[in-house]
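To keep things clear, I will list the structure first and then write my remarks on it.
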Amino acid sequence: MIKITLPDGSVREFEKGTTSMQVALSISEGLARNVLAAKVNNEVVDANKAITEDSRLSLLTWNDDEGKNTLWHSSAHLLAEALEALYPEVKFWVGPPLENGFYYDVDLNGQTLSPADFEKIEAKMLELARQNNEFKRTDISKADAIKYFTDKGDSYKLDLLERLEDGNISLYTQGNFTDLCRGPHIPNTGFIKAAKVLSIAGAYWKGDEKNKMLTRIYGITFPKDKELKEYLVLLEEAKKRDHRKLGKEMELFTFSEKVGMGLPLWLPKGAMLRERLIQFLQKAQLKAGYLPVATPHIALKDLYVCSGHYEKYGADSFQPIKTPHEGEEFFLKPMNCPHHCEIYKSSPKSYKDLPVRYAEFGTVYRYEQKGELHGLTRVRGFTQDDAHLFVRPDQVKEEFLKVIDLVLYVFNALGFKDYTAQVSLRDPDNKTKYIGSDENWALAEQAIIDSAAEKGLKTVVETGEAAFYGPKLDFMVKDAIGRKWQLGTIQVDYNLPERFELEYTGSDNLKHRPVMIHRAPFGSLERFIAVLIEHCGGNFPLWLSPDQFAILPISEKYNDYAKKVSELLNISDIRGLVDDRNEKIGKKIRDNEVNKIPFMLVVGEKEEADGTVAVREHGKGDIGTMTIEGFSKLVQSTIDNDFKTKQI
RNA sequence: GCUGUUGUAGCUCAGUGGUAGAGCACCUCCUUGGUAAGGAGGAGGUCGGCGGUUCAAUCCCGCUCAACAGCUCCA
């Protein structure tokens, strides 16, 4: 008998050689129907693998990421089986699971696939799935594996085999398809109830452009048909929220071939949104003791040689700007920090001055590769909400806590409710590749971990992911439709203080080196606004909305009154427009509704006589008539409500 | 940078080897209308750029530029 410990801590006894599936059956049949794989002592294995010793066991279902991965990995095999049935010439490379679905890289031997063929493949996959074919594992010697794939003519698999050790090679077979695979897999194909081929794309064999281009077929599957439908709705929704599409429709920003790719042009409405975000953060930063600074867009090469950016990015960056003066070279600034270091150095600092917090909305330029550019999320010129805190080593934690507060304040005000802190620490087995003293690293890492814990942040620790210059904390944000984005970042830096020989005089009257903390709650305004647009689908919080109202006169007779109302609201710092077009009210309502204007104020004979406005809220319709002051209060209370979160 | 797809009016898109069309937006006029599209007329394009084939190219071919998707997830 062996002892199996379940996740709830309970221990049960089973015969040696029992499978996870049998354990599941002993608990309930319903559970067994949902078991996709099992985790035995932290190793994910087939649910029908025999357990031979005392073990901890978790049964993995669709609700576990590992369960999903297993189903999708098996689905890749199912896709391969379907492809082989439909196109006998096909040769296979690899088919891993992804975060959302899976792909298989195949050589179609000259055949081409088009979206028109997708349905045929999906139908075949489901037909094969319904056969409930078991995923059978066969452990095999290397020689036999080579023989099998040589006979089959699968040259790509032979290439994989070359790098595998004998004695550690397995095949999985379902139905008529056998693949080289370490597993694990779901018990049988019947668990796959819905399948969708999503797209095809070229992908070089082994990711090397010198190699042959294979066809990568992306797909996704689900254990329930309903979930596929929900997923497709989500894809549609994501398409509707695409910030590139909404940005164009809402006249927020544009790109011009003449200006250059990756260089966004902010249109008046988008610039208004930007300004509001900047003012919002500036106000919060002033309260938190930041000092605004401003620095130019270019600097001499020497600055970046000193900071190390020249060595690291010089060749891949924009080329230097020459001057008539022989040998003089300027660079577009790729980061604000070197400038801020020089500001720090402009006067001697005492330990009593620290922490010093320099903040700047600094526009930086980076030569991103062509293929990397994407809307506002990857651009070549962007504005960081940058600040650098120069602190004593013993102040790292306190400052970290304050920065976390500021970041959470920002997320709250913008409606991001779901976020995770990702803490990146150094690799303990390879401490030499990092700059800075051992005890300072230990201090900072502990400070970050403690700060995150103190603030009650959901935290994921990534060991070995720290930059060479310091540990960091990144905020991963989930948007309204469940997609993850990396936004704010807080990074400790031991490198730049060293390179710039930054100092402060301590209470001991000796020179000490400060620690630098880089932090940006938005990251960059461009990227942040892109995420914000997709998060709220263009329906910005009222305080950010470029036009907060549109006044719609019933006829031209009331245009003057409309303008008067608009001016009055402007005085209360509420901004909007007067729709004085020669159109009927229905048309005006439709157009402004489509334009996502938060409030529409209909004015006609009655309103002019009473000094009122008839208010319509976006997405809700008529909410009644009120005085201008009443509307002004409504706006104010709506905005206050957006901020009704903890203040810093 | 590499591969593929795309590029026609401000926007969304149709179309053809004989130099172009729709809807929306825009302008003018009629209409002055009370909660999601009133009517009529008009203006607007070197069909991304360069070159080639052809009597003739927006359409075919080559190059180029840009946008989009993918190129990292190694059984």
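Owing to the predicted nature of the structure, the values given are computational and were not obtained by experimental measurement.
- Nucleotides B/G17 and B/U3 are separated by 31 Å at their C1' atoms, to the nearest Å.
- No salt bridge links A/D479 with A/R241; every basic N to acidic carboxylate O contact stays at or beyond 4.0 Å.
- Between A/H618 and A/K557, it is A/K557 whose nearest contact on RNA chain B lies nearer the 5' terminus.
- The CD1 atom of A/I200 sits 20 Å away from the P atom of B/C68 (whole-angstrom rounding).
- In this structure, A/K68 forms a cation-pi arrangement with A/W62, its terminal cationic atom sitting closer than 6.0 Å to the ring centre and no more than 45° off the ring axis.
- Within the 4.0 Å cut-off from OP1 or OP2 of B/U35, not a single side-chain nitrogen or oxygen of A/R590 is found.
- If you check every strand for non-hydrogen atoms under 4.0 Å, A/E257 touches sugar and phosphate atoms only.
- For A/R380 and A/Y367, the positive end sits near the middle of the six-membered ring, less than 6.0 Å away and at most 45° from its axis.
- For the pair A/L263 CG and B/A67 C1', the computed distance is 15 Å after rounding to whole Å.
- Counting any heavy atom pair closer than 4.0 Å across all strands shown, A/I585 reaches sugar-phosphate atoms only and no base atom.
- Residues forming a side chain to side chain donor-acceptor pair (under 3.5 Å) with A/E593 (at least two apart in sequence, or on another chain): A/H618.
- The phosphate of B/U12 (OP1 or OP2) has a side-chain N or O of A/K248 nearer than 4.0 angstrom.
- Using a 4.0 Å cut-off between charged nitrogen and carboxylate oxygen, A/E372 and A/R366 do not count as a salt-bridge pair.
- Taking atom P in both B/A9 and B/G23, one finds a spacing of 16 Å when rounded to whole Å.
- A gap of 24 Å separates the P atoms of B/C27 and B/A36, to the nearest Å.
- Residue contacts for A/L171: at a heavy-atom cut-off of 4.0 Å it reaches no nucleic acid atom on any strand shown.
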Q: Any chance you could encode RNA chain B as dot-bracket? Rule is Watson-Crick or G-U wobble with both distances under 3.5 Å; [ ] for pairs crossing earlier ones, | for another strand.
A: (((((((..((((....[..)))).(((((.......))))).....(((((..]....))))))))))))....

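- Protein atom NZ of A/K152 is 16 Å distant from nucleotide atom P of B/A75, rounded to whole Å.
- Within the structure, every pair that satisfies the side chain to side chain donor-acceptor pair (under 3.5 Å) test and touches residues 575-587 of chain A, not counting sequence neighbours, is listed here: A/D579-A/R581, A/D579-A/N592, A/R581-A/D591.
- Separating the CD atom of A/E162 from the P atom of B/A75 is a distance of 15 Å, rounded to the nearest angstrom.
- Between the CD1 atom of A/I217 and the P atom of B/U3 there is a distance of 21 Å, rounded to whole Å.
- At a threshold of 4.0 angstrom between heavy atoms, the contacts of A/S199 with the nucleic acid are absent.
- Taking the side chain of A/R244 as heavy atoms from C-beta on, and the options B/G33, B/A75, B/A69, the nearest nucleotide is B/A69.
- Relative to the side chain of A/I589, the nucleotides B/A69, B/A36, B/G33 differ in distance, and B/A36 lies closest.
- Using a 4.0 Å cut-off between charged side-chain N and carboxylate O, A/K564 and A/D560 make no salt bridge.
- Contact annotation for A/G586: backbone-only contact, meaning every heavy-atom pair under 4.0 Å involves sugar-phosphate atoms and none involves a base.
- Using C1' as the reference atom, B/C11 and B/G45 are 14 Å apart when rounded to the nearest Å.
- Note on A/K588: nothing from the nucleic acid sits closer than 4.0 angstrom, heavy atoms only.
- Contact annotation: side chain of A/E607 to base of B/G34, donor-acceptor pair present below 3.5 Å.
- When the nucleotides B/C74, B/G33, B/A69 are ranked by their closest atom to the side chain of A/H374, B/A69 comes out on top.
- Put simply, A/R182 has a side-chain N or O that comes within less than 4.0 Å of OP1 or OP2 on B/A75.
- The pair A/K563-A/E567 does not count as a salt bridge, with every side-chain nitrogen at least 4.0 angstrom from each carboxylate oxygen.
- At the heavy-atom level, A/N168 lies under 4.0 Å from base atoms of the strands shown.
- Candidate nucleotides B/G38, B/C73, B/G34 were compared by shortest atom distance to the side chain of A/P96, and B/C73 ranks first.
- Here the rule is ring pair (Phe, Tyr, Trp, His ring centres under 6.0 Å) with A/H185, and of A/F191, A/F135, A/W72 only A/F135 fits it.
- Rounded to the nearest Å, the gap between the C1' atom of B/U12 and that of B/C50 is 29 Å.
- Closest approach to the A/K606 side chain among B/U12, B/G34, B/U35 is made by B/G34 (side chain taken as heavy atoms from C-beta onward).
- If you check every strand for non-hydrogen atoms under 4.0 Å, A/Y218 touches sugar and phosphate atoms only.
- B/G62 and B/A25 have their C1' atoms separated by 38 Å, given to the nearest Å.
- Remark: the separation of the P atoms in B/C29 and B/G21 is 27 Å, to the nearest Å.
- Residue contacts shown for A/L98 include a base, since a base heavy atom lies under 4.0 Å away.
- Within 4.0 Å of A/E249, counting heavy atoms only, lies no atom of the nucleic acid at all.
- Relative to the side chain of A/K587, the nucleotides B/U35, B/A75, B/G38 differ in distance, and B/G38 lies closest.
- Ion pairing of A/R216 with A/D105 is present here, as a side-chain N (NZ or NE/NH1/NH2) and a carboxylate O approach within less than 4.0 Å.
- Across B/G33 and B/U19, the matching C1' atoms stand 45 Å from one another, rounded to whole Å.
- Each of B/C71, B/U32, B/A75 was ranked by its minimum atom distance to the side chain of A/E372; first place goes to B/C71.
- Within the nucleic acid shown, A/V602 comes within 4.0 Å of at least one base atom, counting heavy atoms only.
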**Q.** Evaluation steps, salt bridge (charged side-chain N to carboxylate O under 4.0 Å, His left out), between A/D64 and A/K39
**A.** CA-CA 11 Å; A/D64 304 291; A/K39 201 178 192 176; over 6 Å; no

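- Base contact: A/N582 has a heavy atom under 4.0 Å from a base atom.
- Rounded to whole Å, the distance from CG on A/L164 to P on B/C74 is 14 Å.
- Distance CG (A/N69) to C1' (B/C74): 15 Å, rounded to an integer number of Å.
- Atom CD in A/E583 sits roughly 13 Å away from atom P in B/A40 (whole-Å rounding).
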